[in-house]
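Labels below follow one simple rule: chain letters A, B, ... track the order of the sequence lines, proteins then strands, and each chain is numbered from 1.
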Number of protein chains: 2
Amino acid sequence: MKIGEVAERSGLPAKTIRYYEDIALVTPKRGGNGYRRFAETDLHKLTFLGRARSLGFSIEDCRNLLALYDDRSRASADVKAIAQGHLARIESKLAELEAMRATLTHLVHECAGDQRSFCPILSDLAAGIEQDAD
Amino acid sequence: MKIGEVAERSGLPAKTIRYYEDIALVTPKRGGNGYRRFAETDLHKLTFLGRARSLGFSIEDCRNLLALYDDRSRASADVKAIAQGHLARIESKLAELEAMRATLTHLVHECAGDQRSFCPILSDLAAGIEQDAD
DNA sequence: CCTTGACCCTCCAGTTACTGGAACCATTAT
DNA sequence: ATAATGGTTCCAGTAACTGGAGGGTCAAGG
């Protein structure tokens with residue numbers, strides 16, 4: 001398969017696939033014309049990568065997951081550890097975003113949003129935020 | 001004030017402050033020795049920036065907010081619009097992360113995480129995820 | 001045989017918001 | 001005089017691509 005077909009079937013842009021080759025996540029062969037030639041296993045790996053990336057795994061996580069995927073003798077615990085680490089990061093990001101949302105929702109709610117210039121959002125950004133939501 | 005004191009009082013690293021000068025968010029004067037000399041208003045702006053950044057506003061958002069902050073005649077609606085746009089982005093990011101968390105929690109829960117090699121996490125990454133949580 | 005168009009190639013630069021480090025100058029304390 | 005501290009600039013790197021320039025390959029049509 002050439003890159004266009006792999007892109008189509010994996011759902012990844014061709015540019016991304018070339019990039020993944022650059023960083024050695026996939027290693028397609030080359031034809032006499034210099035074109036990349038992808039095997040089915042390459043397609044599987046790329047699809048795997050697309051799924052893992054869409055779940056927010058980092059490229060390095062993906063690299064590790066791919067290695068584990070290839071290793072028939074690894075323990076499921078190794079995979080679970082990566083997934084749990086990632087889950088923990090997601091949860092801490094969620095907490096952070098929820099705190100931002102709470103503060104911003106409060107500020108937006110307080111601000112009249114009209115033609116007048118008084119604006120609690122700017123006041124609070126300038127002065128610090130200590131009050132709690134109403 | 002020199003940069004060290006401003007860094008201390010604003011809570012921002014000196015490097016970050018130099019960067020903010022680079023991108024023209026602050027424009028401190030210079031002393032005869034080449035050192036930056038910050039006025040109180042610079043400190044206020046930097047504190048403002050630190051707060052806004054910690055709430056996840058982008059640098060460009062901050063640039064707009066600072067301009068509005070400086071503009072005594074702007075309408076609070078202009079500020080509110082930026083905050084609401086940011087809030088919307090936060091909420092969509094939250095939804096995305098919550099979806100990831102749901103899928104990952106499910107997968108982690110399914111995986112025994114022991115010495116055996118069978119691992120639903122890898123299977124699902126390889127095969128696609130269509131089942132719902134149990 | 002030539003051209004057109006779709007595809008492929010490589011390489012460079014830009015994105016976001018900093019951060020680290022090298023090499024060097026100024027100030028202050030001993 | 002010297003050493004420590006803190007200031008300066010500039011370059012490079014981070015994550016994970018994305019866009020674009022400039023050019024090669026291939027199949028079909030005139």
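Listed nucleotides: D:dT18, C:dT10, C:dA26. Nearest to the side chain of A:Arg36: C:dT10. Out of C:dT27, C:dC18, D:dC26, the shortest distance to the side chain of B:Asn33 is found at C:dT27. Closest to the B:Tyr20 side chain, of the nucleotides D:dT8, D:dT18, C:dC18, is C:dC18. In the set D:dG7, C:dC18, C:dC9, the nucleotide with an atom closest to the side chain of B:Ile3 is D:dG7. Side-chain proximity of B:Ile59 to C:dC18, C:dC9, D:dA16: nearest is C:dC18.
Residue B:Asp22 contributes atom CG, which lies 12 Å from atom P of D:dT8 at whole-angstrom precision. Counting to the nearest Å, the P atom of D:dA16 and the CG atom of A:Leu49 are 12 Å from each other. Following rounding to the nearest Å, B:Lys15 (NZ) and D:dA12 (P) show an atom-to-atom distance of 13 Å. As a whole-Å value, the separation of B:Phe57 CZ from C:dT16 C1' is 17 Å. One atom, OH of A:Tyr19, and another, C1' of D:dA15, lie 6 Å apart when rounded to the nearest Å. Here the P atom of nucleotide D:dT8 and the NZ atom of B:Lys29 are 16 Å apart, to the nearest Å. Regarding B:Ile23, its CD1 atom lies at a distance of 10 Å from the C1' atom of C:dT16, rounded to whole Å. Taking atom CZ of B:Arg53 as the reference point, atom P of C:dT16 lies 11 Å away to the nearest angstrom.
Counting atom types as modelled, B:Lys2 pairs no side-chain N or O with a base atom of D:dG6 as donor and acceptor under 3.5 Å.
Judged by closest nucleotide on DNA chain D, B:Arg18 is the one of A:Pro13 and B:Arg18 placed further toward the 5' end. Looking at which nucleotide of DNA chain D each of A:Thr16 and B:Glu5 is closest to, the 5′-most match is held by B:Glu5.
The side-chain heavy atoms of B:Asp70 and B:Lys45, taken from C-beta on, include a pair separated by under 4.5 Å. With a 4.5 Å cut-off on side-chain heavy atoms, A:Asn64 and A:Tyr69 do not count as touching.
Expressed to the nearest 0.5 Å, how far CG of A:Leu55 lies from OG1 of B:Thr103 amounts to 5.5 Å.
Panel note: side chain B:Asp124, backbone B:Ile121; no donor-acceptor pair is recorded below 3.5 Å. At distances below 3.5 Å, not a single donor-acceptor pair connects side-chain atoms of A:Thr16 with backbone N or O atoms of A:Leu12.
Contacts of A:Arg37 with the nucleic acid, taken as non-hydrogen atoms under 4.0 Å apart, are absent.
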